[in-house]
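Just so it is clear: chains get the letters A, B, ... in the order the sequence lines come, proteins before strands, and each one is counted from 1.
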Protein chains: 2
Amino acid sequence: MPDEVEVAATQRVRNPWGQGERLRTEILDAAGRLFSELGGEEALTIRGVARAVGIAPASIYQHFADKAALVRGVIEHDYERLSAVMREADESVADDDVVGRVRAQMHAYCRFAVENPGHYRLMLGNRRPAGQGEAGQRPQGPLVPILGAVVAAFERCEQAGKRLRMPSERAAVMVFVGTHGRVALYHSNPEDGGADRILPFVDELISLVFD
Amino acid sequence: MPDEVEVAATQRVRNPWGQGERLRTEILDAAGRLFSELGGEEALTIRGVARAVGIAPASIYQHFADKAALVRGVIEHDYERLSAVMREADESVADDDVVGRVRAQMHAYCRFAVENPGHYRLMLGNRRPAGQGEAGQRPQGPLVPILGAVVAAFERCEQAGKRLRMPSERAAVMVFVGTHGRVALYHSNPEDGGADRILPFVDELISLVFD
DNA sequence: ACAGTTGCCGAACGATTGTTCAGCAACTCA
DNA sequence: TGAGTTGCTGAACAATCGTTCGGCAACTGT
């Protein structure tokens, strides 16, 4: 019982150096970079991250309870990054160009997937062990919330009078999933063309769901 | 120099028991099963395979030079399996039902991907280190030859007079890649529906590329 | 029946993994 | 200035990995 109180107090205390939080994100960034280069949860080692940051392996445990927590942190950190670039791309297009906003979102998705093959692989490969999610939280894969933004973009298209060949949510899944699969094909065979081959495909896919 | 001769002679000698080859495929099957359940190259251990087969870890090395050779064997074995089920599905449909043959192929692909999550993950996650392929062999990802069968099916559609909204090869990529992506979404979030949610999506995707 | 070959096993080796712990150095507060 | 707290480190732990080696048992041809 006194243990809990002490732990809580320890966590609440601020770092007097003012560097602790910065090192945490530094670890997160380095781990993310290794993720991108190596790809795969097993390829990411505590020692490797520590070496990349320039600290001792034991220091990792001052910021993350264990390796699983570090991996969760990297995943969370990078999904926010992907969501951010898609949101920025969405907002960088004029409001009345509703289709252009869909295209901008998907192009941003492609760029991110090409530039971060490791994270991309993680998005697919994350097997979610039973009971990993918080209690009461409906279990959902990491792609689902991102898909939500695409659905919203298609609903804006419908409200702007654009004619779709199917309900907006279904169109969003169609485009998102097709883009996702095209990127998978690229990662399976990167030799023949990169983003310059992917983006036209995505554009044609988008035009396909409109009437 | 005499070493090479002796090794070659050893490899050429047939197994007098007549069981060696059978055990090899037994190892391959067990490794494939573990691949399906665990998913991921790193999760597949020599000791785990040996335990699954019921033999000593050292015995694996009588049939595979090292772990990389075992993994290559599993990949090859299972791609042939996937190609086989897609070919069987293709041939199980009447010749004049050209669109039905496309659907049968893609449905078989979905079933395989749902029933073998590990292999599916492998199809995506296989990072091909430089110089792994045989010399003179154009490097290509594992999805590419399978895609070829889909292209052929769409070319048959065109020859039968079906109108496509794009060149047959592009339509094949569109459908294949969209199906592939839909399966990825399923694996990312298996809770909401399985094959019964995937197959209608695939059917709609196929109908989308026809005029 | 006997020598020769072959496939499998038990045991071990070195390397690497995640993780823990005591101690040292740098900072804050009185 | 001195006590107290905090972050980081070096060293070590047990576990697990791929892999190797000598020996045993089952089969072959003669």
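Rounded to whole angstrom, the span from the CD atom of Glu26(A) across to the P atom of dG7(D) amounts to 16 Å. Summarising the geometry, the separation between CD on Gln62(A) and P on dG23(C) is reported as 17 Å, rounded to the nearest angstrom. Atom-to-atom, CD1 of Ile27(B) to C1' of dC8(C) comes out at 11 Å; the value is rounded to the nearest Å. Here dG7(D) presents its P atom at 15 Å from CD1 of Ile60(A), a figure rounded to the nearest Å. To the nearest angstrom, P of dG7(C) lies 13 Å from CD1 of Ile55(B). Counting to the nearest Å, the C1' atom of dT6(C) and the CZ atom of Arg22(B) are 16 Å from each other.
Minimum heavy-atom separation, Ala153(B) to Gln105(B): CB-OE1, 3.4 Å.
Distance check, rounded to the nearest 0.5 Å: OH of Tyr79(A) to CD1 of Ile146(A) gives 6.0 Å. The CZ atom of Arg24(A) sits 4.0 Å away from the CZ atom of Phe64(A) when rounded to the nearest 0.5 Å.
Side chain of His187(A) to backbone of Ala113(A): a donor-acceptor contact under 3.5 angstrom is found.
Between Ser59(B) and dG7(C) there is no side-chain N or O to OP1 or OP2 distance below 4.0 Å. Between dG7(D) and His63(A), no contact under 4.0 Å exists linking OP1 or OP2 to a side-chain N or O.
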Per-nucleotide protein contact string for nucleotides 13-19 of chain D, where B marks a base within reach and S marks sugar-phosphate only (heavy atoms under 4.0 Å, - for neither) = ----BBB
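Applying the side chain to side chain contact (heavy atoms under 4.5 Å, CB included) criterion to Val114(A), with sequence neighbours excluded, gives Tyr186(A), Ile198(A).
Look at Asp95(A) and Arg156(A) and you find no salt bridge, because none of the NZ, NE, NH1 or NH2 atoms lies under 4.0 Å from a carboxylate O.
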